[in-house]
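One structure below.
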Number of protein chains: 2
Amino acid sequence: MPTSGSGVNKPGAAAGHGRAAGVGKNKTRLTIADIAREVGVSPSAVSFALNGRPGVSEATRTRILQAAERMNWHPHSAARALGGAPAGAVGLVLARPTRTLGAEPFYAQLIYGMQSVLSARSVALLLQVVDDTDAELVVYRRWAGEQRVDGLLIVDPQTKDPRISAVEALGVPAIVLGGHGKHGELPTVWADDREAMLETVRYLAALGHTRIAHVAGTPAFQHTQRRIRALKDAAGQLGLVETQSVPTDFSDGEGAAVTRRLLSQPDAPTAIVYDSDLMAVAGLGVATEMGVRVPGELSIVSFDDSVLTRVVHPAITALSRDTHALGVQVAEALLRIVEEPGTVGDIKAATPRLTVRESTAKPGR
Amino acid sequence: MPTSGSGVNKPGAAAGHGRAAGVGKNKTRLTIADIAREVGVSPSAVSFALNGRPGVSEATRTRILQAAERMNWHPHSAARALGGAPAGAVGLVLARPTRTLGAEPFYAQLIYGMQSVLSARSVALLLQVVDDTDAELVVYRRWAGEQRVDGLLIVDPQTKDPRISAVEALGVPAIVLGGHGKHGELPTVWADDREAMLETVRYLAALGHTRIAHVAGTPAFQHTQRRIRALKDAAGQLGLVETQSVPTDFSDGEGAAVTRRLLSQPDAPTAIVYDSDLMAVAGLGVATEMGVRVPGELSIVSFDDSVLTRVVHPAITALSRDTHALGVQVAEALLRIVEEPGTVGDIKAATPRLTVRESTAKPGR
DNA sequence: ACGAGCAACTAAAGCGCTAAAGCAGCTGGG
DNA sequence: CCCAGCTGCTTTAGCGCTTTAGTTGCTCGT
């Protein structure tokens, strides 16, 4: 039965209700009825046995489990979900405006960490990459409507984030990553960027730096704002008048461009803090190209750590955290809120610690 | 109804049939029955209308579509799937032995490209990261048994790959990425690594290099073997006797270690070709650290391109391909084979082209 | 010795959707 | 004028599983 597409989702028609692509095979599936027949009991007995509920004797249960194992039976996820069971999946949408995605190992590490929890519980991860927040909302609505996911992870919370209220309205359990501050009723897993930034500035100031620049990320993100504010506060406390934060779009291109601009100034900064490892590496590339020695004439700190910072030379001093562990923490919180809504509060993840490498030193001259 | 876990998946019992975590909410869903009531027709009429099949008048169809739109209805994916419809999802498993994952932008780019095709067709992507091939097979079996995916993408084909026959046995449509050679009946999307390697060696030889080293990837991968063989062949043709391929595990650590070893040799190579961009950057870091000037004393070529190669200084000459476009191609092939098995043959993707940057030059001295 | 109570099962309904079959009302050819 | 053959719907059954409501056949207390 080919999905004879005639008339499905005509341009004009109410959009979006066509069926997804694909046609399954109809080699009849192995069902609990087959197991029931094999063992000589009713399908319900099989269901009881497989789900560990009372109603079957231990002897029968064992025979059923063995038969299921032997026949290599697996529950049909759709059939379970239809009965009101959870979908057995959580969703993650990454909204990236450009093709820059992927150079930042952060999400890959995070996903890897999440998987170690999710796969142990046989929960699948639905991943979608979209262009902007609007598209992200569409995906959430579809997933919720199709009952495809039991929970959502919302990343990169923004100031006045439209996703929060939208997801709350959908009634899908969700965790916000990195959203300390306003994030509605949704719990968050957050790290103390503020403290991390303060530590960094104190460290640079102690080395003798006074002209510190901050190549920040997207200003719309909450964590970017927190870092900018922290830098300003630290500067105030330490009496550093020449600090500045320059917002970017997190791309290597802007990171490089801003670095070039900063280093061409008459009073060029002697230290630059980058909000991502990719931008830090790009900045290092620019400095090298311009003949500015690192760390002799310029100290570089990355606000995010990964192989990237260790692989270049000089290796970059960075605020490192165990992103894998963060993924674990996030996934656990997510499963928890799916199972028992209301029992999860905000969770503070470990504060990134400054890992000093070769890219920082006393200011030159 | 709490999943009173008593007895579920006891260590000894036949493993793996417990239900996935989570408990959905029971705020009763919007169903086609609601739409039917609203419009004043039967549920089947609604079904017909929504799926664009004959059996309803255009007038009624329009009213139904409008009602569905207005009420923000979405089909329950499980209910559809239960009726034998496809799951509306494809699966991708990445097997990575270490935490190195994520530093290579390749998969992120690939996924992003795939998404642009998949999301347009409302097909979800199930992603799983596992530790090894055995775990990968387990996931395939579970997904197939649970009928969670309509198709699979198998990446990094190996020589004598156990996954091929396993997936064929499962009867799930699948595409192999990069598997020109033996890959059973499964079609592949492949790039001509051989030609790319030949071009690279010809280019280096033309510059005057004779001692060319190749820091290869995992020898078990088919594409690694193809590249190693290509280098050997090119060396034979061009009369370069001092070429060598050194296998690694694709990690930055081994890339750096091998580079260090190569550069410490009495007759150190004057050019090194790295099988991944991450290793190339690591190699560049080592060279810089050892005081070996690039490209003055050492030329570096990366067999994979991404921001990484452009972000460092000197920017690295690389074999670039449009990974995003490759993702598009792969996703299209995958959807095609899901819909019409047997109509997809091997597909040759664009051959990576050599993008010359600053890391290659005539050999010094 | 007899019914209450329980253990161990079976029968049947239902989840939301699709698909096959059924059934009105109309048209038109012989 | 009658019925084959439409169109446009409704009814019904069924996908694989869970779950509630039985239904046996015991055991046990009195």
Side-chain angles (χ1 to χ4, degrees), chain A residues 1-4 8 17-20 23-24 26-37 39-64 68 73-88 145-148, chain B residues 1-4 8 17-20 23-24 26-37 39-64 68 73-88 145-148:
Chain A
M1 50 214 74
T3 310
S4 66
V8 193
H17 299 319
R19 40 198 315 187
V23 169
N26 35 9
K27 184 204 282 184
T28 51
R29 257 188 65 88
L30 194 64
T31 76
I32 54 169
D34 298 317
I35 302 178
R37 207 173 314 113
V39 179
V41 291
S42 73
S44 357
V46 175
S47 174
F48 290 149
L50 293 169
N51 291 295
R53 12 190 60 242
V56 283
S57 65
E58 269 315 312
T60 311
R61 183 187 305 277
T62 307
R63 278 190 302 142
I64 291 173
W73 173 91
H74 287 262
H76 192 301
S77 58
R80 275 195 165 164
L82 191 52
E146 295 181 348
Q147 219 92 322
R148 257 180 199 282
Chain B
M1 50 218 70
T3 308
S4 66
V8 192
H17 299 319
R19 39 194 319 185
V23 168
N26 35 9
K27 184 203 282 186
T28 51
R29 257 188 64 87
L30 193 65
T31 75
I32 54 169
D34 298 318
I35 302 178
R37 206 174 314 113
V39 178
V41 292
S42 73
S44 350
V46 175
S47 175
F48 289 149
L50 293 169
N51 290 295
R53 20 187 52 247
V56 283
S57 65
E58 269 314 311
T60 312
R61 181 188 306 275
T62 306
R63 278 191 302 142
I64 291 172
W73 172 91
H74 287 262
H76 192 302
S77 57
R80 275 195 166 164
L82 190 51
E146 295 181 348
Q147 218 92 324
R148 257 180 200 281

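Shown here are the side-chain contact (heavy atoms from CB on, under 4.5 Å) partners of Ala79(B), two or more places apart in sequence or in another chain: Leu82(A), His76(B). Considering only residues two or more places apart in sequence or on other chains, Ser44(B) meets the side chain to side chain donor-acceptor pair (under 3.5 Å) condition with none of them. Remark: Ser42(B) engages no residue in a side chain to side chain donor-acceptor pair (under 3.5 Å) (not counting sequence neighbours). Among residues two or more places apart in sequence or in another chain, the side chain to side chain donor-acceptor pair (under 3.5 Å) test is passed with Thr62(B) by none. Under the side chain to side chain donor-acceptor pair (under 3.5 Å) criterion, Thr31(A) pairs with no residue, sequence neighbours left out.
Here dG16(C) presents its C1' atom at 11 Å from CG of Asp34(B), a figure rounded to the nearest Å. Here the P atom of nucleotide dT10(D) and the CD1 atom of Ile35(B) are 14 Å apart, to the nearest Å. In this structure, Leu50(A) places its CG atom 15 Å from C1' of dT19(D), rounding to the nearest Å. Rounding to whole angstrom units, CD of residue Gln147(A) and C1' of dC15(C) are separated by 11 Å. Remark: P of dC15(C) and CG of Leu30(B) are 15 Å apart, rounded to the nearest angstrom. When the P atom of dA19(C) is taken as reference, atom CG of Leu82(B) falls 13 Å away, rounded to whole Å. Atom CD1 in Ile32(B) sits roughly 5 Å away from atom C1' in dC17(C) (whole-Å rounding). Rounding to whole angstrom units, CZ of residue Arg148(A) and P of dG16(C) are separated by 17 Å.
OP1 or OP2 of dT18(C) lies within a sub-4.0 Å distance of a side-chain N or O belonging to Arg80(B). Side-chain nitrogen and oxygen atoms of Arg53(B) include at least one within less than 4.0 Å of the OP1 or OP2 phosphate oxygen of dA19(C).
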Which atoms of nucleotides 8-12 of chain C (N or O only) lie under 3.5 Å from a protein N or O atom, and what are those distances?
from    : atom 1 : to       : atom 2 : distance (Å)
dC9(C)  : OP1    : Thr60(A) : OG1    : 3.2
dC9(C)  : OP2    : Ser57(A) : N      : 2.7
dC9(C)  : OP2    : Ser57(A) : OG     : 2.8
dC9(C)  : OP2    : Thr60(A) : OG1    : 2.9
dT10(C) : OP1    : Ser42(A) : N      : 3.2
dT10(C) : OP2    : Ser42(A) : N      : 2.6
dT10(C) : OP2    : Ser42(A) : OG     : 2.6
dA11(C) : N7     : Ser44(A) : OG     : 3.4
dA11(C) : N6     : Ser44(A) : OG     : 3.0

Walk me through whether Val39(A) and Val46(A) qualify under side-chain contact (heavy atoms from CB on, under 4.5 Å).
CA-CA 9 Å; Val39(A) 179; Val46(A) 175; 5.8 Å; no

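The two residues Ile32(A) and Pro43(A) make their nearest non-hydrogen contact at CD1-O, 3.8 Å.
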Given pairs defined as Watson-Crick or G-U wobble with both distances under 3.5 Å, what dot-bracket annotation applies to DNA chain C, with ( ) intrastrand, [ ] crossing, | other strand and . unpaired?
||||||||||||||||||||||||||||||

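The CD1 atom of Ile35(B) sits 8.5 Å away from the CD1 atom of Ile64(B) when rounded to the nearest 0.5 Å. Atoms CG and CH2, from Asp34(B) and Trp73(B) in turn, are 11.0 Å apart once rounded to the nearest 0.5 Å.
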